[in-house]
There are 2 protein chains.
Amino acid sequence: MEEATGQEPRSSLAIAPEARQSLRGHVHQQLRMAIISGRLPSGQRLNERLLAEEMEISTTPLKEALRQLEAEGLVEVLPRRGVVVRFDASFAEEMILARAALESPIAALAAERVDDDGRARLGATVQLMREATEAADIARLILLNETFHGAIHAASGSRHLTRMVAQQQFYDGSARRVIHRDAGESRLAFEEHKGIAEAIIAGQPQEASARMSAHVLRSGRLYLTAVFGR
Amino acid sequence: MEEATGQEPRSSLAIAPEARQSLRGHVHQQLRMAIISGRLPSGQRLNERLLAEEMEISTTPLKEALRQLEAEGLVEVLPRRGVVVRFDASFAEEMILARAALESPIAALAAERVDDDGRARLGATVQLMREATEAADIARLILLNETFHGAIHAASGSRHLTRMVAQQQFYDGSARRVIHRDAGESRLAFEEHKGIAEAIIAGQPQEASARMSAHVLRSGRLYLTAVFGR
DNA sequence: CCCTGAAACTTGATATATCAGATTTCAAAA
DNA sequence: TTTTGAAATCTGATATATCAAGTTTCAGGG
């Protein structure tokens, strides 16, 4: 069922406008990583001027970045008093719950809406994951993991849920590598991914949703201990 | 089990710092309402200077408010091109799914963590809801509805999930009044609320979670048709 | 008549200046 | 020694100015 939108097929040469990161985008990302990596510890007060000076920018983009972090819940703003970092294990735990909660309906929607193209992508990704798992190719597995979840997000056709779930990541590449280093974990994760994909391809929303939730909760808890220990 | 924090009990005279709304807080709230009420239609481009001028403020607090809206997904920022309103029925539908998804673990946590005080509050609120439902006291029902969900949020001890769910509201007081005007709906909603409260008080996370999800999905769809028709 | 491209204009992105609330300091009074 | 409160200071909140990317306009060449 081809769509005749009259739209020019996006040239592969075109630079997506969202790729050209703005200063505030950089700042937001930097601060976010500094917070979730613990470099800016919870409770830390952020002085707008000092911080802007250190980052060698003006306060305007910094303020904008801080407002984004505020909306994500990573910092708290005390009116007329300042910005305070708010991120600890219990917050991360809630992020896992939120991610699991949000990925569930996404998986269900994907199972309802997936088309042949999406099915093909998912199947192919699972096959590549199988190979990478057997080869214990960690870097590739990390990449494929994103491809996998990205394919599901795309198939779900959801915009808002997808954006929200993207905000629930509290670990970076190094934590991922630690997790994926464990072959047992990789095999388990692969079985889960396979089960999720099968449910979506078979058009079983309930099954897909349940499996996705279980997968995110289980692996999330693993990251939690990896990042916070205990 | 009294806590000896050494903290002065907050005087009832004290003005909570978060009550003193900042300019950007006002602006954010104003814009949010304008968007969800449809006064600023989806696709509408927002010119920062014009808008700031109309609102008789400078662009700085406006920009901050726009960043918050961006993080909530209500506007999209096209770098170097402008801010565009992004809110339609399908987005609202996703907000319902998100709200249902997020309220579920909150209800489960509440069932796990609720203490005697929380149980008492919930029970009392349900009793008041029963009375207000019988009396068809719409204004009171709307208020009690917030008390009810607020009590559950408090009992859950969650911070992040609670804040996220608060961002998933896409209707205002007038839509609520329309919904609550229907006596049948009120009775149904009451039964649902009662069932949720009972599950939480009985300490049944699964049951609480499932009932909460069903309730939010059902009533959410009602709001959807009320706001968007169809 | 259509294509090209440079100038004019629009507008978001960034920087800087100013204002005002909150905290701290410290000396004087109790 | 403790308390008080006013001045000094810090710092977020707001306003304004400047910069640069993107769009539009339109004259000139094909």
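Chain letters run A, B, ... following the sequence lines, proteins first, then strands; residues in each count from 1. Worth saying up front: this structure is predicted, and the values here are computed from it rather than measured. Hydrogens, waters and symmetry mates are skipped; everything else that's a heavy atom, side chains included, is used.
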Measuring to OP1 and OP2 of [N], would you say a side-chain N or O of [X] lies under 4.0 angstrom away?
X     : N      : result
B/R81 : D/dA20 : no
B/N47 : C/dT10 : no
B/S58 : D/dT14 : no

Problem - Along DNA chain C (nearest heavy atom to each residue), the more 5'-positioned of A/R80 and A/E56 - result: A/E56
I need the [atom1]-[atom2] distance between [X] and [N], as an integer number of Å.
X     : N      : atom1 : atom2 : answer
B/L66 : C/dT11 : CG    : P     : 15 Å
A/E76 : D/dG12 : CD    : C1'   : 15 Å
A/E64 : D/dG12 : CD    : C1'   : 16 Å
B/L50 : C/dT11 : CG    : P     : 7 Å
B/E53 : D/dT14 : CD    : P     : 19 Å
B/R24 : D/dA15 : CZ    : C1'   : 15 Å
B/Q44 : C/dT11 : CD    : P     : 12 Å
B/L62 : D/dA13 : CG    : C1'   : 14 Å

Problem - Residue from B/R32, B/R67, B/R86 passing salt bridge (charged side-chain N to carboxylate O under 4.0 Å, His left out) with B/E72 - result: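 Among B/R32, B/R67, B/R86, the one meeting salt bridge (charged side-chain N to carboxylate O under 4.0 Å, His left out) with B/E72 is B/R32.
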Handout entry: Sugar-phosphate only, base, or nothing, as touched by A/L46 at under 4.0 Å among non-hydrogen atoms
Key =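 Sugar-phosphate, backbone atoms only, no base.
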Exercise for the section: Between B/T59 and A/E48, name the one whose nearest nucleotide on DNA chain D is closer to the 5' end. Expected result: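 Per heavy-atom nearest nucleotide, the more 5' residue is A/E48.
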Listing, residues 47-54 of chain A side-chain donor-acceptor contacts under 3.5 Å, not counting sequence neighbours, or none:
from, atom 1, to, atom 2, distance (Å)
A/N47, OD1, A/R49, N, 2.9
A/N47, OD1, A/L50, N, 3.1
A/E48, OE1, A/K63, NZ, 3.0

Practice task
Determine, for B/R176 against B/E146, whether the closest basic-nitrogen to carboxylate-oxygen distance falls under 4.0 angstrom.
Solution key: yes
Exercise for the section: Kindly say whether, by distance alone, the side chain of B/R49 makes a donor-acceptor pair under 3.5 Å with the base of D/dT18? Expected result: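 For B/R49, whose side chain was compared with the base of D/dT18, there is a donor-acceptor pair (under 3.5 Å).
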Handout entry: Side chain A/T60 and base C/dA15 donor-acceptor under 3.5 Å
Key = yes
Handout entry: Set of ring-ring contact (aromatic ring centres under 6.0 Å, His included) partners for B/H193, sequence neighbours left out
Key = B/F148, B/H149, B/H215
Exercise for the section: Measure from the side chain of B/P61, starting at C-beta and using heavy atoms only, and say which of D/dA13, C/dT14, D/dA15 lies closest. Expected result: D/dA15
Fill in the blank from the handout: Per atom distances to the A/K63 side chain, the nearest of D/dT23, C/dG21, D/dT14 is D/dT14
Problem - Minimum-distance pair of heavy atoms, taken over all atoms of A/Q167 and B/A71 - result: NE2-O, 3.3 Å
